[in-house]
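Below: the structure, in structure tokens.
All of these numbers come straight from a predicted model, not from anything done at the bench.
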Amino acid sequence: MDKTVTFSFSSTKYEGTEARETFNFKELGIDEDLDDEALKKEIDRIFQAWVWDKLNISFSIVINEDKRR
């Protein structure tokens, strides 16, 4: 039997902003033999990418350094 993981999110601020999808480990490229800690980290990483893709988020971070020292 294939292991599956279901990702879901909803916004408490924006009504209708939600998604839910179930994937098997093979679809996500996850090795079913990973230990629990490695599996949690991999699923967290994939989940974050999935949410960002669903919300179509883009951003930039600019760090300015004061060179007048």
- Task: Give the C-alpha distance, both sets of side-chain angles, the deciding distance and a yes or no for side-chain contact (heavy atoms from CB on, under 4.5 Å) between Thr22 and Val5.
- Result: CA-CA 6 Å; Thr22 299; Val5 61; over 6 Å; no

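Crowding of Asp35 atom CG: a count of heavy atoms from other residues, nucleotides or ligands under 6.0 Å exceeding 12.
Donor-acceptor pairing under 3.5 Å is lacking for the side chains of Thr17 and Ser11.
With a 4.5 Å cut-off on side-chain heavy atoms, Asn24 and Lys3 do not count as touching. In this structure, Ile30 and Ile46 have side chains that are in contact, with non-hydrogen atoms separated by less than 4.5 Å.
Asp44 meets the salt bridge (charged side-chain N to carboxylate O under 4.0 Å, His left out) test with Lys40; sequence neighbours excluded.
A perpendicular orientation is assigned to the rings of Phe47 and Phe7, their planes being inclined by more than 60° (bins at 30° and 60°).
Across all non-hydrogen atoms, the minimal contact from Glu21 to Trp50 is OE2-NE1, 2.8 Å.
Each of Asp31, Leu34, Leu39 was scored for a side-chain contact (heavy atoms from CB on, under 4.5 Å) with Phe25, with one residue passing: Leu39.
A salt bridge does not link Lys26 to Glu32: none of the charged side-chain nitrogens sits closer than 4.0 Å to a carboxylate oxygen.
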